[in-house]
Amino acid sequence: MSTITQNLQAVTENIVAAAREAGRAPDSVQLLAVSKTFGADAVLQAAQAGQRAFGENYVQEGVDKVAAVAQALPGLGLAEAALAWHFIGPIQSNKTRPIASHFDWVHTVERAKIAQRLSEQRPPERGPLNICLQVNISGEASKSGVAPQEVAALARQVVDLPNLRLRGLMAIPEPEDDFARQRAAFAALRQLFDSLRADGLELDTLSMGMSADMRAAIVEGATIVRVGSAIFGARHYNKESI
Ligand SMILES: *Cc1c(COP(=O)(O)O)cnc(C)c1O
């Protein structure tokens, strides 16, 4: 068995254990395999092991990988549509078109202008683009994401856009070793999510938790955990990929 296959099994077991611990159904938590900096071969290995959702952070790297993987999928007996691609990186407004064209989900919408462009540039035949709003839950000035008190207004703007489907919220809290502190940040995002739903928005997605803090995220209600290094190993960045 390949390392990726073994890692996927271990991560899946951890997800199931955390869900049980929280009294949640294990299949209420989806694993997004974050393949940034890894090649199409790594994605194909994971796909062969049954993984179907992949996350990318950098536009050009992601678009190239989507195309390379699509070419090779029939060789594994899989249709191109078998995989879902999620964009989870920062978005510059001049890069919205390839994102709208090649991805199924975007987790990192933090401005109405970006949402508008994604909606305008979404190819109609691909159906609505699934959207999560990224929230700056830890509150540092340097961090990406919309401020918690501005999420409701942004959500109202996004739900009105014809080619987007607002699914929920996403956050990347400050790294924390302490389990209780990890939980506190995720709980804050969940409370925001609950309040938007109480206001009538039909949201079903809480994208939170990574390799180091996914147990806390699942205990607090994550429906998508974004896991990279625990599946693919340590990342080696090079400038070209950014
Ligand atoms: C890289 C990345 C991840 C995965 O991080 P790991 O610590 O490798 O699991 C998750 N979410 C986002 C937004 C990322 O950029």
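In listed order, ligands and their atoms are each counted from 1. Keep in mind that the numbers below use all heavy atoms, side chains included, and drop hydrogens, waters and symmetry copies.
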Strictly distance-based, threshold 3.5 Å: is any side-chain N or O of E220 a donor or acceptor partner for the main-chain N or O of Q182? no
For atom 10 (C) of ligand 1, what's the nearest protein heavy-atom neighbour? Residue, atom name and distance, please. M210 SD, 3.2 Å
Near I172, which atoms of ligand 1 are under 4.0 Å from a heavy atom of that residue? 13 (C)
What residue among I224, V16, I15, T12 forms side chain to side chain contact (heavy atoms under 4.5 Å, CB included) with V29? I15
For the residue pair Q45 and D41, confirm or rule out a side-chain donor-acceptor distance under 3.5 Å. no
Inspect the contact between D160 and R156 and indicate whether a charged nitrogen and a carboxylate oxygen are less than 4.0 angstrom apart. no
More than 12 heavy atoms from other groups under 6.0 Å of CD on E21: yes
Give the residue, atom name and distance (to 0.1 Å) of the protein heavy atom nearest atom 1 (C) of ligand 1. K36 NZ, 1.4 Å
Work out which heavy atom in V34 is nearest to a heavy atom in N57; give both atom names and the distance. CG1-OD1, 4.1 Å
Candidate with minimal heavy-atom separation from atom 11 (N) of ligand 1, of R226, H107, R235: R226
Could you pull out, from P90, G233, S229, the option with a heavy atom nearest to atom 7 (O) of ligand 1? S229
Taking only non-hydrogen atoms of N57 and a 4.0 Å limit, the atoms of ligand 1 in range are 14 (C), 15 (O)
State the atoms of ligand 1, each with its element, that fall below the 4.0 Å cut-off from a heavy-atom position in M170. 13 (C)
Atoms of ligand 1, numbered as shown, that sit under 4.0 Å from any heavy atom of I88: 11 (N), 12 (C), 13 (C), 14 (C)
Only one of H86, H107, R167 forms a side chain to side chain donor-acceptor pair (under 3.5 Å) with S207, so which one is it? H107
Near G228, which atoms of ligand 1 are under 4.0 Å from a heavy atom of that residue? 4 (C), 6 (P), 8 (O), 9 (O)
Suppose I only count heavy atoms of V227 and a 4.0 Å limit; which atoms of ligand 1 are within that range? 9 (O)
